[in-house]
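Below: the structure, in structure tokens.
Only heavy atoms go into these numbers, but all of them, side chains included; no hydrogens, no water, no symmetry mates.
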Amino acid sequence: MIRLLEITYANMEDICDLEVFDDQKNFLLSNVFSLAEAFSLLNERIFVKPFGVCDEDTLIGFVMVGYGTISDPDEPKVADGNYIMWRFMIDKKYQGKGYAKPILDKVMEYIRTFPAKPAEKIWLSYEKENERARKIYRDYGFVENGEICADEIVAVYDL
């Protein structure tokens, strides 16, 4: 059973030790950077929530969601008043085992509690060359909306 894990001092190092395959590293910022980014956004009073992802008690991945804009000139229009999934990674030991959909289901379940504010959409972005991510998100129901964010394709999902 998939669950989202609060990140604490006790499990932070385990989150940082999660890895993707070498050929995926150019598509994803490290979890160390992501946690630093979350800390800095929280200091700016921007809603952000990083989670470890567990299957039962086994840590298998990391996700980070947020809400609204961060005053970045590259942000797409859909960012205003909506949620974002900034990070979604599954450790290389657990990729290809059918975890993407159940993790996305759990993230959507959390987002639909509207922890920041109500919204109509969640959005994300990925590099054009990242066909694996594109397929996962398309299969789940994310739709590319024609916007670009920092040279990445933007896709949205209706909540």
How far apart are the closest heavy atoms of [X] and [Y], and which atoms are they?
{"X": "Ile70", "Y": "Glu75", "value": "N-OE2, 2.8 Å"}
{"X": "Leu5", "Y": "Cys54", "value": "CD2-SG, 3.9 Å"}
{"X": "Leu4", "Y": "Lys106", "value": "CG-CG, 3.6 Å"}

Within a radius of less than 6.0 Å around CD of Glu13, do more than 12 heavy atoms belonging to other residues, nucleotides or ligands occur? no

Could you go through the salt bridge (charged side-chain N to carboxylate O under 4.0 Å, His left out) check for Arg3 and Glu109 one step at a time? CA-CA 11 Å; Arg3 64 185 178 89; Glu109 180 182 311; over 6 Å; no

For Tyr67 and Asn82, test the side chains for any donor-to-acceptor distance below 3.5 angstrom and give the result as yes or no. no

For the residue pair Glu131 / Tyr126, report whether a side-chain donor-acceptor contact shorter than 3.5 Å exists.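 Side-chain D/A pair, Tyr126 to Glu131: absent.
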
Determine whether the aromatic ring centres of Tyr137 and Phe142 lie less than 6.0 Å apart. yes

Compute the ring centroids of Phe51 and Tyr110, then answer whether they are less than 6.0 Å apart. yes

Sorted by chain and number, sequence neighbours left out, side-chain hydrogen bond (donor to acceptor under 3.5 Å, both in side chains) with Lys135 holds for Asp139

Tyr140 meets the side-chain hydrogen bond (donor to acceptor under 3.5 Å, both in side chains) criterion, sequence neighbours left out, with Asp105

Acceptor/donor pairs from residues 149-159 side chains to any protein atom, 3.5 angstrom cut, sequence neighbours excluded:
from   : atom 1 : to     : atom 2 : distance (Å)
Glu152 : OE1    : Ser125 : OG     : 2.7
Asp158 : OD1    : Lys121 : NZ     : 2.4

I'd like to know if Glu129 and Arg134 make a salt bridge, using a cut-off of under 4.0 Å between side-chain N and carboxylate O. no

Using a 4.5 Å cut-off on heavy atoms from C-beta on, say whether the side chain of Ile2 contacts that of Val53.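 In contact.
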
Would you indicate whether the side-chain heavy atoms of Tyr83 and Val65 approach each other to under 4.5 Å? no

